[in-house]
Student: 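Please find one structure pasted underneath; my questions will follow.
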Amino acid sequence: MEPKKHHRVIIIGSGPAGDTAALYAARANLEPLVISGDQPGGQLTITTDVENYPGFPDGIMGPEMMDLFRKQAERFGTKFLYKMVTEVDLSVRPFRLVAQNEELTADALIIASGASAKLLGLESESLLMGYGVSACATCDGFFYKDKHVIVVGGGDTAMEEASFLTKFASRVTIVHRRDELRASKIMQERAMKNEKIDFLWNRTVEEVLGEQETGVTGVMLKDTVSGEVSEFKCDGMFLGIGHKPNTDLFVGQLELDGHGYLQTEKGTTKTAIPGVFAAGDVQDSIYRQAVTAAGSGCMAAIDAEHYLASLEFESA
Ligand SMILES: Cc1cc2nc3c(=O)[nH]c(=O)nc-3n(C[C@H](O)[C@H](O)[C@H](O)COP(=O)(O)OP(=O)(O)OC[C@H]3O[C@@H](n4cnc5c(N)ncnc54)[C@H](O)[C@@H]3O)c2cc1C
């Protein structure tokens, strides 16, 4: 283990929330350290065009946008550590963190570790992510005008994604591995009443067909009853099987909701532990957008700055 290093503010995560928190904290002279995790730049690094982030009228590629976020935070003195946080102890002051072989302490901590869309785990799915495979209808639905897409899943997320996609797509097929849905009654009814939505029951996606140049051309579906595998033509695949917030590190230390999202005081980014703040998708199961993540990252930096100022005032 390397000797302990102390920082006034440590930010866990380098997605839109973490990098925006870093930008604001750096401009407030707090010399923040961002621990970037194993996905520097966050979820947007696995997508292609981002067309709904204000300020880019022609759109921008996700990885390029996150490179700009990092550069802007670095310009004001943010330091990045390209490691995973493997341990945190929020019961001591300063807070103690371990990032692989490095031990660090911080007076204030901003958690922006995000969430990960649940995927099927197929090689073809990750190869075509952003090229016809998506985990976000709000983000990518617009690209599927008059196309036929499938939505994988049977819960509320899948029904919501499917209903939203009918604004653009000519046809939306929900592919579900069972013969009944898990979604709430109202969401089921809404999807079933929608003329553009149809259902394929007892099917799992075995492979996504297509190339990055052509996009998705279809999927191989397995009938879970007969075992038969057959090709199904479509222009895109949306995953609607939920998200997992990256909060395993905080179990038992911070309050989580039933789905594992960090809980914050309404209208702020404060957790129940003074000096620990949460921003972005890790505490937001509803909006899950880059702009909302960035907005709450800004709030977290301001909350952290006020907290540190109050500590200084008390000790003066
Ligand atoms: C395919 C796809 C396309 C999308 N397209 C759009 C779009 O067009 N427009 C839009 O607004 N939104 C889009 N989104 C949603 C958007 O990406 C998220 O809302 C946003 O990235 C959330 O930002 P965040 O900073 O909260 O977390 P994330 O972007 O999830 O970043 C989390 C960060 O935490 C780090 N981390 C996690 N665990 C640890 C740890 N233990 N130690 C250190 N670091 C850790 C990760 O490495 C990562 O850097 C898309 C999402 C996906 C998956």
Side-chain angles (χ1 to χ4, degrees), residues 10-23 33-56 59-66 69-70 73 80-88 97-100 102 104 109-119 125-126 128-143 157 161 236-251 260-262 264 269 277-300:
I10 288 183
I11 297 162
I12 303 179
S14 55
D19 282 6
T20 305
L23 168 65
L33 175 77
V34 173
I35 308 180
S36 77
D38 58 0
Q39 193 176 48
Q43 292 172 64
L44 285 182
T45 58
I46 61 161
T47 192
T48 48
D49 296 280
V50 178
E51 292 197 328
N52 56 7
Y53 199 87
F56 299 99
I60 182 166
M61 299 299 267
E64 194 187 335
M65 184 167 115
M66 292 320 299
F69 267 59
R70 179 185 51 74
F80 283 78
L81 177 66
Y82 292 93
K83 289 187 177 176
M84 279 298 273
V85 175
T86 44
E87 238 181 280
V88 289
L97 294 87
V98 177
Q100 290 160 288
E102 222 170 296
L104 302 138
L109 183 66
I110 296 176
I111 302 168
S113 51
S116 312
K118 290 185 191 159
L119 305 178
E125 168 193 51
S126 47
L128 293 169
M129 182 62 74
Y131 296 91
V133 175
S134 173
C136 177
T138 312
C139 315
D140 296 331
F142 191 77
F143 300 121
T157 309
E161 301 272 282
M237 175 174 95
F238 282 81
L239 294 145
I241 50 180
H243 288 78
K244 187 191 177 307
N246 302 319
T247 50
D248 289 353
L249 280 173
F250 312 107
V251 173
Y261 287 87
L262 286 179
T264 50
T269 61
F277 306 90
D281 283 13
V282 73
Q283 50 82 57
D284 171 18
S285 61
I286 299 169
Y287 302 105
R288 294 196 300 248
Q289 293 295 293
V291 69
T292 47
S296 67
C298 156
M299 288 166 64

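Each ligand, and each atom within it, is numbered from 1 in the order the structure gives. Count residues from 1 along the sequence.
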Student: Is it the case that atom OH in Tyr287 sees more than 12 heavy atoms from other parts of the structure closer than 6.0 Å?
Tutor: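 No.
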Student: Less than 4.5 Å apart, side chain to side chain, heavy atoms only: is that true for His243 and Tyr261?
Tutor: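 Side chain of His243 against side chain of Tyr261, heavy atoms only: contact under 4.5 Å found.
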Student: Hey, does Gln43 come in under 3.5 Å of ligand 1, counting only N/O atoms on both sides?
Tutor: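 In this structure, Gln43 places an N or O atom under 3.5 Å from an N or O of ligand 1.
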Student: Judged by non-hydrogen atoms, does Ser134 sit under 4.0 Å from ligand 1?
Tutor: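 Judged by the 4.0 Å heavy-atom criterion, Ser134 does not count as contacting ligand 1.
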Student: To which protein heavy atom is atom 10 (C) of ligand 1 closest, and what is the distance rounded to 0.1 Å?
Tutor: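 The answer is Gln289 OE1, 3.3 Å.
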Student: Considering only heavy atoms, does Asn52 approach ligand 1 within less than 4.0 Å through its side chain, its backbone, both, or neither?
Tutor: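 It is the side chain that touches ligand 1; the backbone stays farther off.
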Student: Give the contacting part of Ala115 toward ligand 1: side chain, backbone, both or neither, where contact means a heavy-atom distance below 4.0 Å.
Tutor: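 The part of Ala115 near ligand 1 is the backbone, not the side chain.
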Student: Do you know which of Leu128, Asp140, Leu119 makes side chain to side chain contact (heavy atoms under 4.5 Å, CB included) with Val133?
Tutor: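 So the option named by the test is Leu128.
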Student: In terms of residue, atom name and distance, what is the protein heavy atom nearest to atom 48 (C) of ligand 1?
Tutor: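 Answer, as residue, atom name and distance: Gln39 O, 3.4 Å.
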Student: Is there a nitrogen or oxygen of Ala17 sitting under 3.5 Å from a nitrogen or oxygen of ligand 1?
Tutor: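 Ala17 vs ligand 1: N/O contact under 3.5 Å present.
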Student: Please indicate whether any nitrogen or oxygen in Leu249 is less than 3.5 Å from any nitrogen or oxygen in ligand 1.
Tutor: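 Between Leu249 and ligand 1, no N or O pair is found under 3.5 Å apart.
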Student: Number the atoms of ligand 1 from 1 as they appear, then name those within less than 4.0 Å of a heavy atom of Arg288, with their elements.
Tutor: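 What qualifies from ligand 1 is 15 (C), 19 (O).
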Student: For ligand 1 and Ser36, I'd like to know whether there is a polar contact (N/O to N/O, distance under 3.5 Å).
Tutor: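 Indeed, backbone or side chain, Ser36 has an N or O that close.
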Student: Does ligand 1 have any atom sitting under 4.0 Å from a heavy atom of Ser14?
Tutor: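 Yes, Ser14 has heavy atoms under 4.0 Å from ligand 1.
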Student: Should Asp281 be counted as touching ligand 1, given the test is an N or O pair under 3.5 Å?
Tutor: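 Yes; at least one N/O pair falls below 3.5 Å.
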Student: Is ligand 1 under 4.0 Å from a heavy atom in the side chain of Ala112, in the backbone, in both, or in neither?
Tutor: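 For Ala112, the contact with ligand 1 is made by the backbone alone.
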Student: Is there a polar contact between ligand 1 and Gly280, counting only N or O atoms under 3.5 Å apart?
Tutor: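 In this structure, Gly280 places no N or O atom under 3.5 Å from an N or O of ligand 1.
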Student: Go through ligand 1 atom by atom and flag the ones less than 4.0 Å from a non-hydrogen atom of Ala293.
Tutor: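 Matching atoms, with element in brackets: 22 (C), 23 (O), 26 (O).
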Student: Please write down residue, atom name and distance for the protein heavy atom closest to atom 45 (C) of ligand 1.
Tutor: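 Closest protein heavy atom to atom 45 (C) of ligand 1: Gly37 CA, 3.7 Å.
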Student: Backbone, side chain, both or neither: what part of Thr47 comes under 4.0 angstrom of ligand 1, heavy atoms only?
Tutor: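 The part of Thr47 near ligand 1 is the side chain, not the backbone.
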Student: Any chance the rings of Phe143 and Tyr131 have centres within less than 6.0 Å?
Tutor: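 They do not qualify: ring centres at least 6.0 Å apart.
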